[in-house]
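Everything on this sheet refers to the single structure shown next.
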Amino acid sequence: MGEMLPTAVLLVVAASVVARDNNTCDGRCGLRFRQSPQGGVRVVGGKTAQQGAWPWIVSLQIFTYNSHRYHACGGSLLNAHWVLTAAHCFDSKNKVYDWRLVFGAKEISYGNNKPVKAPLQERYVEKIVVHEKYNPLTEGNDIALLKITPPVTCGRYIGPGCLPQFKAGLPRGPQICWVAGWGYIKENGSLECPVGPFPFEMGVAASLDLCP
């Protein structure tokens with residue numbers, strides 16, 4: 001990967017809501033430290049998320065030989081040991097040493113080579129488990145698990161998301177779901193970074209109708 005200028009990315013997903021640090025992350029899932037205002041109807045056109053609104057969102061960052069890190073994918077924290085993400089993230093970078101995980105962030109520096117500062121946490125990947133029937137051509141079964149090392153500590157800005165029940169099926173009627181991730185809130189958009197001249201991408205959250 002060629003050298004890139006650092007770019008700060010404002011995260012759509014960030015913080016947690018457990019009152020005290022929780023080494024096992026075995027408390028209630030889906031707790032949000034802060035509620036975000038409702039976004040638009042598209043990811044482009046959404047709203048910047050407040051810190052603490054989405055504590056289970058994880059930044060998966062490609063790690064280069066010169067210690068620079070580049071955000072590449074998002075994931076969801078399941079517990080202190082595992083992150084759920086997409087299998088296609090590892091089509092070209094499939095070694096554990098290619099990756100770093102950043103938890104609890106609202107703004108991410110693209111191309112950063114400095115250690116994260118509290119309350120953020122950075123972790124290594126111990127294992128990548130891609131769905132055995134993942135098809136990179138059709139992106140069928142596009143799901144993967146990452147084992148975290150050392151285990152992440154849950155706390156005020158980091159907490160696990162919830163999984164559906166094992167036998168849960170499709171919703172029986174229209175429902176509202178949220179889409180959260182890093183990106184521009186408008187097409188071809190960029191803003192002046194508060195700490196420098198580089199443009200940054202805004203984290204967005206959008207609500208969508210989920211139909212059966």
Review point. For Ile143, which fellow cluster members are found when Ile, Leu, Val, Met, Phe, Trp and Tyr are connected by side-chain heavy-atom distances below 4.5 angstrom, either directly or through intermediates?
Key: Leu78, Trp82, Leu84, Val129, Leu145, Leu163

Review point. Sequence neighbours excluded, which residues qualify as side chain to side chain contact (heavy atoms under 4.5 Å, CB included) partners of Lys114?
Key: Asn112

Study note, to complete from the structure: By side chain to side chain contact (heavy atoms under 4.5 Å, CB included), Ile128 pairs with (sequence neighbours left out) Phe90, Val96, Trp99, Val125, Val130, Leu146

Point to revise | same_hphob_cluster(Tyr124, Ile158) at 4.5 Å side-chain heavy-atom cutoff | key: no

Check your understanding: Hey, quick one: are Val83 and Val102 part of the same hydrophobic cluster, counting side-chain heavy atoms closer than 4.5 Å, chains of contacts allowed?
Key -> no

Check your understanding: Nearest 0.5 Å, what's the OH-CG distance between Tyr70 and Asn113?
Key -> 8.5 Å

**Study point:** Qualifying salt bridge (charged side-chain N to carboxylate O under 4.0 Å, His left out) pairs, either residue in residues 63-72, two or more places apart
**Key:** Arg69-Glu122

Review point. Under the salt bridge (charged side-chain N to carboxylate O under 4.0 Å, His left out) rule, what pairs show up with a residue in residues 57-68, not counting sequence neighbours?
Key: none

Exercise for review: Output every pair passing disulfide bond (SG atoms under 2.5 Å apart) with a member in residues 50-122, not counting sequence neighbours, ordered by first then second residue.
Suggested key: Cys73-Cys89

**Study point:** side chain to side chain donor-acceptor pair (under 3.5 Å) involving Asp142 - partner list, sequence neighbours excluded
**Key:** His88

Check your understanding: Can you name the residues that form a side chain to side chain donor-acceptor pair (under 3.5 Å) with Arg100, not counting sequence neighbours?
Key -> none

Check your understanding: Hey, is the main chain of Gly111 close enough, under 3.5 Å, to the side chain of His68 for a donor-acceptor pair?
Key -> yes

Check your understanding: Thr85 side chain to Gly74 main-chain N or O, any donor-acceptor pair under 3.5 Å?
Key -> yes

Side-chain atoms of residues 131-141: list all donor-acceptor pairs with protein atoms under 3.5 Å, sequence neighbours left out, distances to 0.1 Å.
| unit_1 | atom_1 | unit_2 | atom_2 | d |
| --- | --- | --- | --- | --- |
| His131 | ND1 | Lys133 | N | 2.9 |
| Tyr134 | OH | Asp91 | OD1 | 3.0 |
| Tyr134 | OH | Asp91 | OD2 | 3.2 |
| Asn135 | OD1 | Leu137 | N | 2.8 |
| Asn135 | OD1 | Thr138 | N | 3.3 |
| Thr138 | OG1 | Gly140 | N | 3.2 |
| Asn141 | ND2 | Lys133 | O | 3.0 |

Practice item. Taking all non-hydrogen atoms of both residues into account, name the closest pair between Pro160 and Cys25 and its distance. Key: CG-O, 3.7 Å

Revision key, fill the gap. Heavy atoms of His81 and Pro151 approach each other most closely as CE1-CG, 3.4 Å

Revision key, fill the gap. Contacts of Lys147 meeting salt bridge (Lys or Arg N to Asp or Glu O under 4.0 Å) (sequence neighbours excluded), chain-then-number -> Glu126

Check your understanding: Between Trp54 and Trp56, what is the ring plane arrangement, given parallel below 30°, perpendicular above 60°, and tilted in between?
Key -> perpendicular

Point to revise | Test applied, side chain to side chain contact (heavy atoms under 4.5 Å, CB included); reference residue, Phe103; option that passes from Val116, Leu77, Thr153, Leu120 | key: Leu77

